[in-house]
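Here the structure is laid out as structure tokens; the discussion comes afterwards.
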Amino acid sequence: MNLFSFNNLTKSRSGRLLFNDISLGMNSGDKIALIGTNGTGKTTLLNMLCGRLEPDSGTIHFNRETRISYLDQQAVFTSDDTVFDFLLKDDNPVFALLRDYHHCVHGSGEAEDKGCTHVLERMDLENGWGLESKIRTMLYEMGINDGEVLMSSLSGGMRRRAALTRALLGDSNLLILDEPTNHLDIPTILRLQKILQKTDQAILLVTHDRYLADEVCGKIWELDDQKIYSHEGGYSAFLERRAERLEEQKNRQLKISNILRTELEWLARGPRARATKDKKRKERIYNLMDEKKIDTSRDLSFSTNEGRTIKRILELEKVDVSFQDKTILKNFSFEFLPGQKIGILGPNGAGKTTMLNLIAEEIENAGGTVAGVIDRGVNTRVGYFRQLTPKMKDLGVIEFLKETAPMLTLADGRNYTPTQLLEWFQFPKSLHYQPISTLSGGERRRLFLVDVLLHNPNFLMLDEPTNDLDLQTLSALENFLTGFSGCLLVVSHDRSFLDRTVDSLLVLDGEGGVSGFPGSCTDYLEYVEDIRKREQKSDSLKEGKTKPEKNNYRKKDDNGPKKLSFNEKKELSSIEDEIASLEDEQAELENSFSAANPDPELLKKNTVRFTEVGELLEAKYARWEELSAREHI
């Protein structure tokens, strides 16, 4: 079923043409990543599809069966909204019923009241308890344990999780997600990836996370040069096809140059010669002259000259950092040296940004306390690319950068002006004199990056650098970091970016502890998964769920399934009782959700257990099927 199609769309912003006369459509089950340089109009196109913006020209047609859930880049809520209030802001009648239910339980606190009694009756009739259980389960999976906490009190990462939960809860057949991984930690991104892989909903996704795009999406839409291109396959296939397209354009440009040289020679012969030629030939010449040239600067890379070689960057000795009663770092010692490329991992709230602020000497200004020794090298120059783009003077782009530095010196001794550096980071000349206020959020972020690099740092700190940067800029930045000879410290949730830029990790546990890991982000995730599997196997052995075979050295027969061993027969005879017991517990828990005026804490506890029982049952069912199939061999 076709969900929507747009035809001949054209849109401008602040006098800039974003896209011109573009047409495409999307069907049920499609999973598409929308990719393009910052400022090409990705978010604008999403807002048009959601009815928030009108095109300058063209049409958008939706199937009457299309139902959209939209994840915006910023969650919108009021100061007194709890997480549940935020999740239930929908016209869905069952959502409205749940809002009334939460008002009864957490508002007046008098569920016996006549109105609240009616609400509880409706909860029974309209399957409100099922939705309540689903919401609590999803919040738990997203790491939010309290639905009554105020949204305004949550960190950026937690707000993003709540917003994702809201988008995934909706009864939609089309998910439109704008940078869903922003502010999420890696375990949450991996959970989201599995959800998006399994869902039957169609997905239109704007993301800088290349692993996510590759694992989830089977098609790429690329906005480039005011046009839109559709590529079959994931992100890896897109890169191959894009390279082919650019090569074709380059070849076409060469042909155009050859034709123009011949035709311009003809035009130069004089009026008599030109008068004898076809008018259409003249029109063809002028059309060729108007064709845009390929911007070959897009894929360039460079590295800075960090100045004279230095031996010491920064040393931390027995450093403690805390905010009120929250310990962020405890007895932490580390020496940062030139050439190190280190990534920082840890759950949201563990203190990753705090570690960067510590080095930037900004902890006390934020209300924290620091103890220990921080010894900075005499020639250390810190460049700090913060998670939030600072407010910039509303100057022209070039004017703003020239206040920073007139020149960037590269490792090979070459000098580059701000103008040349802007072109390196995807700023066309048409933007160089634009006021900063007219730039998109991603373009301002990119300008901030150029500003940081112009200071020639030898200790470069990047806090979530992939947020709001397009993939071409990330590629240019990765190339830059490959040749960077200073010390690099990166906080990022982007697995691909970390794999390409760092060779060791500092892992924060959220309780003040820090451990080192020599390897990439993928190496670390595989290491953690291996430990989890070994612990799971160990626990299973302790509980008697499985028994190791005695003769493991015995040659295995690969010609089919084996007969049940004595221990497996005993397991089969008991597993049905275990399944029955779990099913009874599941039914009791389900009944507890429909109890009148339930205790919120007990409800939360039961919801967590309900999820655990479901997972145990799934494993038991699978094991029973396996053993039953081999029972009569």
Side-chain angles (χ1 to χ4, degrees), residues 1-6 24-35 45-46 49-51 60-72 87-88 90-95 98 126-142 160-181 184 187-207 209-221 230-238 590 607 610-611 614-615 617-619 621-622 625:
M1 178 181 81
N2 177 259
L3 295 174
F4 69 82
S5 60
F6 51 87
L24 272 176
M26 188 169 181
N27 297 322
S28 299
D30 282 348
K31 295 182 179 180
I32 301 172
L34 177 61
I35 287 172
L45 180 58
L46 297 190
L49 294 175
C50 294
I60 303 175
H61 298 286
F62 281 96
N63 189 305
R64 66 179 64 184
E65 301 296 325
T66 302
R67 303 179 306 281
I68 297 175
S69 286
Y70 182 39
L71 176 72
D72 211 335
L87 294 179
L88 298 173
D90 194 289
D91 294 334
N92 187 315
V94 182
F95 278 38
L98 277 182
E126 299 176 34
N127 193 31
W129 301 114
L131 181 59
E132 171 80 359
S133 175
K134 180 181 178 182
I135 290 173
R136 291 185 180 276
T137 300
M138 289 188 69
L139 285 176
Y140 174 74
E141 290 176 349
M142 284 291 175
R160 198 64 173 162
R161 296 181 193 200
L164 269 171
T165 302
R166 179 176 171 179
L168 297 170
L169 271 175
D171 181 25
S172 66
N173 52 13
L174 172 59
L175 280 173
I176 297 181
L177 308 176
D178 195 357
E179 296 289 7
T181 62
L184 297 184
T188 306
I189 292 173
L190 291 172
R191 287 196 292 271
L192 174 63
Q193 180 176 302
K194 289 179 181 178
I195 290 170
L196 297 183
Q197 286 173 325
K198 291 179 180 179
T199 184
D200 294 330
Q201 295 164 296
I203 298 169
L204 181 58
L205 173 72
V206 171
T207 184
D209 190 316
R210 286 155 287 190
Y211 283 167
L212 185 71
D214 219 18
E215 293 294 326
V216 171
C217 299
K219 186 183 293 185
I220 304 291
W221 285 355
S230 181
H231 306 268
E232 293 294 331
Y235 183 74
S236 300
F238 152 72
E590 199 164 356
T607 300
F610 185 80
T611 303
E615 293 173 350
L617 274 172
E618 188 176 344
Y621 289 145
E625 289 175 2

Any non-hydrogen side-chain atom of [X] less than 4.5 Å from a side-chain atom of [Y]?
X      : Y      : value
Gln193 : Val216 : yes
Phe4   : Asn63  : no
Lys219 : Asp30  : yes
Met142 : Arg160 : no
Ile176 : Ser69  : no
Leu3   : Phe62  : no

Side chain to side chain contact (heavy atoms under 4.5 Å, CB included) assessment of Ile203 paired with Ile32 = CA-CA 6 Å; Ile203 298 169; Ile32 301 172; over 6 Å; no

Going from [atom1] on [X] to [atom2] on [Y], what distance comes out if it is rounded to the nearest 0.5 angstrom?
X      : Y      : atom1 : atom2 : answer
Ile189 : Glu215 : CD1   : CD    : 13.0 Å
Ile35  : Thr207 : CD1   : OG1   : 8.0 Å
Gln201 : Leu175 : CD    : CG    : 4.0 Å
Asn2   : Glu65  : CG    : CD    : 12.5 Å
Leu212 : Leu192 : CG    : CG    : 6.0 Å
Gln197 : Ile195 : CD    : CD1   : 10.5 Å

Quick one: do Ser236 and Asp214 satisfy side chain to side chain contact (heavy atoms under 4.5 Å, CB included)? Show the steps, please.
-> CA-CA 7 Å; Ser236 300; Asp214 219 18; 2.8 Å; yes

Taking it one step at a time, do Leu205 and Lys31 satisfy side chain to side chain contact (heavy atoms under 4.5 Å, CB included)?
-> CA-CA 8 Å; Leu205 173 72; Lys31 295 182 179 180; over 6 Å; no

Residues two or more places apart in sequence or in another chain: which of them pass side chain to side chain donor-acceptor pair (under 3.5 Å) with Thr188?
-> Arg161, Asp185, Arg191

Parallel, tilted or perpendicular, as decided by the 30° and 60° cut-offs, for the rings of Phe238 and Tyr235 = tilted

Run the numbers on Leu71 and Leu164 for side chain to side chain contact (heavy atoms under 4.5 Å, CB included), then give the verdict.
-> CA-CA 7 Å; Leu71 176 72; Leu164 269 171; 3.7 Å; yes

Do you know the tightest heavy-atom contact between Asp178 and Tyr70?
-> OD2-OH, 4.1 Å

Hits for side-chain contact (heavy atoms from CB on, under 4.5 Å) against Leu139, two or more places apart or cross-chain, chain-then-number order -> Val83, Phe84, Leu87, Ile135, Ile144, Thr165

